[in-house]
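Encoded as structure tokens, the structure appears first; notes follow it.
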Protein chains: 2
Amino acid sequence: MTTEWLRDSLGGAGHRVTGPRLAVWSVVAGTPHLTAEEIAQVVRDTDPTVNLSSVYRSLSLFAELGLVRESSLDTGGPSHWELAHADEQFHMRCRSCGKVEHHHGDLVERVVGHLTNDHGFIVEQVDLLVTGLCSECSRSQSPSARPSRSR
Amino acid sequence: MTTEWLRDSLGGAGHRVTGPRLAVWSVVAGTPHLTAEEIAQVVRDTDPTVNLSSVYRSLSLFAELGLVRESSLDTGGPSHWELAHADEQFHMRCRSCGKVEHHHGDLVERVVGHLTNDHGFIVEQVDLLVTGLCSECSRSQSPSARPSRSR
DNA sequence: GCTTTATTGCGAGCTTCTCGCAATTGAGAT
DNA sequence: ATCTCAATTGCGAGAAGCTCGCAATAAAGC
Ligand SMILES: [Mn+2]
Ligand SMILES: [Mn+2]
Ligand SMILES: [Zn+2]
Ligand SMILES: [Zn+2]
């Protein structure tokens, strides 16, 4: 299914279809926002011989081919990887429970239009990360521990 | 001037005003988007005894106090530091010349309003990074080397 | 099957950032 | 002005995340 999609993308660009690449692909396609290390762990549940370097190399290749996207969801921490999705699909991360959700808004399209038309800036990628407290966590947090945005 | 602002923030929170902190502060206040290493280099032009660890410790403290902001402008690379500014002030980075510009739009305010009102998400921080080609670089690039956004 | 060469596992190594600890120093008290 | 003492610093070691060189392996075309 999605595996065919990978085979075509690799073959079309003259790259080989290998065990490590298929394994990494199925993990990335199955769960978004994992780190390379986490992906490697899941891959090794099935095939313990796959090396972490190969996970990194597969991810880099997929990113070059436009199949996956690398995001820094925590500054200074490891990158998170997922299937490529439109920029409009942005990230909301809860500081309390760590959950990362996707949210779709027309806002990103609008800023792209503005920058393109009024500033001559050719947009290639948009990364929007909103950090805060999700609705569940905000209910269970003590009100005093609820910081507000600077205005 | 801005040094007084730092003295008050530090003193008010029971922290000491020290040479390394003042030095780091003046660099960060003078030039935005430097890395810790770059800040250390500039600091050492004046005082070669300041250690890189102290630069990191100063920056972390300033961030805790809400005085500076840490951004990951390149995934996987070092963090960039700058005086805290409103989330509405977002980043445009040119892939070709590396220049980082600020741009202000009401778009961020709008998404914050939407998430707050319709999704019960308490927004604490927004990071928006637009990557592409600035107007100068897009003029001088060969048209064939001008990738377009996936739609 | 055989050949070619892209890919892999492995280890070493690089970059960015953190930490423990002894020496130093800021700031309030005298 | 000096004293006191915890906060801070410089320094070295080291952790975490990622990259690279190289010999061994294994896709893909013939
Ligand atoms: Mn995502
Ligand atoms: Mn900025
Ligand atoms: Zn939550
Ligand atoms: Zn440019």
Side-chain angles (χ1 to χ4, degrees), chain A residues 3-4 6-25 27-28 33-41 43-44 46-65 67-81, chain B residues 3-4 6-25 27-28 33-41 43-44 46-65 67-81:
Chain A
T3 291
E4 283 315 307
L6 177 67
R7 301 190 104 93
D8 293 351
S9 299
L10 287 176
H15 298 285
R16 295 183 181 173
V17 178
T18 68
R21 283 178 183 164
L22 288 169
V24 168
W25 178 257
V27 174
V28 171
H33 310 139
L34 294 182
T35 66
E37 182 62 54
E38 290 165 339
I39 293 167
Q41 278 167 19
V43 165
R44 290 196 193 111
T46 308
D47 180 353
T49 72
V50 175
N51 193 271
L52 181 59
S53 309
S54 300
V55 173
Y56 276 108
R57 288 189 277 228
S58 297
L59 292 171
S60 301
L61 176 62
F62 297 165
E64 266 173 40
L65 298 175
L67 302 175
V68 308
R69 161 187 287 243
E70 178 182 10
S71 312
S72 21
L73 294 179
D74 15 44
T75 31
S79 291
H80 293 251
W81 300 82
Chain B
T3 290
E4 282 314 308
L6 177 67
R7 303 190 103 93
D8 292 351
S9 299
L10 287 175
H15 297 285
R16 295 184 181 170
V17 178
T18 68
R21 286 179 181 163
L22 287 169
V24 168
W25 177 258
V27 175
V28 171
H33 311 140
L34 296 182
T35 67
E37 182 62 53
E38 290 166 339
I39 293 168
Q41 278 168 19
V43 165
R44 290 199 194 107
T46 309
D47 180 352
T49 73
V50 175
N51 193 271
L52 181 59
S53 308
S54 301
V55 173
Y56 276 108
R57 289 189 277 230
S58 297
L59 291 171
S60 301
L61 177 62
F62 297 167
E64 266 173 40
L65 297 175
L67 302 175
V68 308
R69 160 187 288 242
E70 178 182 9
S71 312
S72 22
L73 294 178
D74 17 43
T75 32
S79 291
H80 294 251
W81 300 83

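Computed from heavy atoms alone, side chains included, the values below leave out hydrogens, waters and symmetry copies. Sequence lines set the chain letters: A, B, ... in the order given, protein chains first and strands last, and positions in each chain run from 1.
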Between dA16(D) atom C1' and Asp74(A) atom CG, what is the distance in whole Å?
-> 13 Å
DNA chain C: Leu52(B) or Gly14(A), which has the more 5' nearest nucleotide?
-> Gly14(A)
In terms of heavy-atom contacts, Leu65(B) and Ala13(B) come closest through CD2-CB, 3.9 Å
From OG1 (Thr18(B)) to CG (Leu61(B)), nearest 0.5 Å = 9.0 Å
For Leu10(B) and Phe62(B) the tightest heavy-atom approach is CD2-CE2, 4.4 Å
How does protein contact run along nucleotides 23-30 of chain D, one letter per nucleotide 5' to 3', with B for base contact, S for sugar-phosphate only, - for none, heavy atoms under 4.0 Å?
-> ---BBS--
Chain A on DNA chain C: first and last contacting nucleotide, 5' to 3', under 4.0 Å to a heavy atom?
-> dT5(C) to dG11(C)
Spatial distance of atom OG (Ser79(A)) from atom CG (Leu34(A)) [nearest 0.5 Å] | 12.5 Å
Starting at atom CD of Glu38(A), determine the distance to atom P of dC18(D), rounded to an integer number of angstrom.
-> 11 Å
Between dT8(D) atom C1' and Leu22(B) atom CG, what is the distance in whole Å?
-> 13 Å
How is Arg57(B) classified with respect to the nucleic acid when contacts are heavy atoms under 4.0 Å: base, sugar-phosphate, or nothing?
-> base
Does His33(B) offer a backbone N or O that forms a donor-acceptor pair with the side chain of His80(B) under 3.5 Å?
-> yes
Base, sugar-phosphate, or nothing for Thr35(B), non-hydrogen atoms under 4.0 angstrom?
-> nothing
Please state how far atom CG in Asp47(B) lies from atom P in dT9(D), giving the value in whole angstrom units.
-> 12 Å
Rounded to whole angstrom units, what separation is found between the CG atom of Leu59(A) and the P atom of dG17(D)?
-> 15 Å
How sharply is the helix from dG1(C)-dC30(D) to dT30(C)-dA1(D) bent, taking the axes over five pairs at either end and rounding to 10 degrees?
-> 40°
Do you know the tightest heavy-atom contact between Arg44(B) and Val50(B)?
-> NE-O, 3.2 Å
Over all atoms of both residues, closest heavy-atom pair of Leu52(A) and Ala40(A) = CD1-CB, 3.8 Å
For residues Ser9(A) and Leu67(A), report the shortest heavy-atom separation together with the two atoms involved.
-> OG-CD2, 3.7 Å
dC20(D) OP1/OP2 closer than 4.0 Å to side-chain N/O of Ser53(A) = no
For the side chain of Arg7(A) and the backbone of Val17(A), is there at least one donor-acceptor N/O pair under 3.5 Å apart?
-> no
In terms of heavy-atom contacts, Pro20(B) and Ser54(B) come closest through CB-CB, 4.4 Å
Side chains of Val24(B) and Trp81(B) in contact at under 4.5 Å (non-hydrogen atoms) = no
